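All of these numbers come straight from a predicted model, not from anything done at the bench. Only heavy atoms go into these numbers, but all of them, side chains included; no hydrogens, no water, no symmetry mates. One-based numbering, in listed order, for ligands and for the atoms of each.
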Amino acid sequence: QNWPLYVQNRRGKYKNKGADKVQPKFEVNQTLNQKIALFRGDITKLEIDAIVNAANSSLAGGGGVDGSIHSAAGQRLLQTECKTLGGCKTGEAKITGGYKLPAKYVIHTVGPVGENEDRLKSCYVSCLNLMKEYKLRTVAFPCISTGIYGYPNEPACDTALSCVRNWLEEGDNADTVDLIIFCLFLPVDVGFYESKMLDYFPLP
Ligand code: AR6
């Protein structure tokens, strides 16, 4: 497996200078902590079960992470399958093969344009539910909507982390996954995720 980086450094702490000042929003759960990771880099390089694409409702490809995923998967191959799906509504998700990607599947979701917490939540939950339905155990999310769609980075980070934590707490969801990776591309997101991890996935 090639998951290069991770949340916990050698001392077992998240890299975060203000760690002792954080007021966790959730209880410590080391089992859940082990299912979460931050990765900084290009999502198309991850050799995992599924990567999430921040697509648009036509599913015909676009710029940003969508463009990179379509190129790396093989433009024509991925588009041919996408065309059969009838598009995708904001907050929903659809799955395709990964073709030339190291990831086996791509889960396409359409984030909101601008800040809309319910719609963004719905993206994360729809992707996770689809992952569970297909019995996929490892998935990576880009920072949905925070690029071309203009969702502010900090609230988007809070929504992503809280949604994933809440989803893992429900029923048997946690048993169905091995690793959920937040794939961070920009330094601004690395900063927010590193500091907020401790709110949502506190260490003992
Ligand atoms: N790997 C991981 N993250 C990436 C990569 C990559 N290779 N490339 C960019 N990002 P965006 P959106 C980050 O704009 O805001 C498309 O045209 C990027 O830095 O890709 O949901 C679609 O077709 C940012 O942090 O997606 C839609 O029309 C995050 O991915 C529209 O853009 C999301 O930025 C969707 O806009």
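- Summarising the local packing, OH of Tyr105 is surrounded by 12 or fewer heavy atoms from other residues, nucleotides or ligands at distances under 6.0 Å.
- The contact set between ligand 1 and Cys183, taken as ligand atoms under 4.0 Å from a residue heavy atom, comprises 2 (C).
- Residues Leu128 and Asn173 fail the side-chain proximity criterion, which asks for heavy atoms closer than 4.5 Å.
- In this structure, atom 21 (O) of ligand 1 lies nearest to the protein heavy atom Ser145 N, 2.8 Å.
- Taking a cut-off of under 4.0 Å to the non-hydrogen atoms of Ser68, the atoms of ligand 1 that pass are 7 (N).
- Atom 31 (C) of ligand 1 has its closest protein heavy atom at Tyr149 CE2, 3.6 Å.
- Near Leu186, the atoms of ligand 1 lying under 4.0 angstrom from a non-hydrogen atom of the residue are 19 (O).
- Checking Val188, Ile43, Asp66, Leu46 against atom 23 (O) of ligand 1, the nearest heavy atom belongs to Asp66.
- Of the listed options Thr146, Ile144, Val65, Thr146 places a heavy atom closest to atom 25 (O) of ligand 1.
- Interface of Asp42 with ligand 1, defined as ligand atoms under 4.0 Å from a residue heavy atom, comprises 1 (N), 6 (C), 7 (N).
- Atom 15 (O) of ligand 1 has Gly147 N, 2.8 Å as its closest protein atom, hydrogens excluded (heavy atom only).
- Contact check for Ser145 versus Arg119: no side-chain heavy atoms found under the 4.5 Å cut-off.
- Summary of contacts: the protein heavy atom closest to atom 29 (C) of ligand 1 is Cys143 O, 3.4 Å.
- When non-hydrogen atoms are compared, ligand 1 lies under 4.0 Å from neither the backbone nor the side chain of Leu184.
- Looking at ligand 1, you won't find any N or O of Ala54 less than 3.5 Å from one of its N or O atoms.
- When all heavy atoms of Ile148 and Gly64 are compared, the pair lying nearest together is CD1-N, 3.9 Å.
- Side-chain atoms of Asp158 and Tyr200 form a donor-acceptor pair, as typed in the model, at a separation below 3.5 Å.
- Transitive grouping of hydrophobic side chains (ILVMFWY, heavy atoms separated by less than 4.5 Å) brings Val164 and Leu130 into a common cluster.
- For the residue pair Gln30 / Asn33, a side-chain donor-acceptor distance below 3.5 Å is found, with atom types taken as modelled.
- Taking every heavy atom of Gly63 and a limit of under 4.0 angstrom, the matching atoms of ligand 1 come to 16 (C), 17 (O).
- Interface of Gly41 with ligand 1, defined as ligand atoms under 4.0 Å from a residue heavy atom, comprises 1 (N), 2 (C).
- Between Asp199 and Arg165 no salt bridge is recorded (no basic side-chain N to carboxylate O distance below 4.0 Å).
- Interface atoms of ligand 1 facing Gly64, defined by a heavy-atom separation under 4.0 Å, are 20 (O).
- Closest to atom 32 (O) of ligand 1, if we only count protein heavy atoms, is Ile148 CD1, 3.3 Å.
- Under 4.0 angstrom from ligand 1, the non-hydrogen atoms of Phe185 all belong to its side chain.
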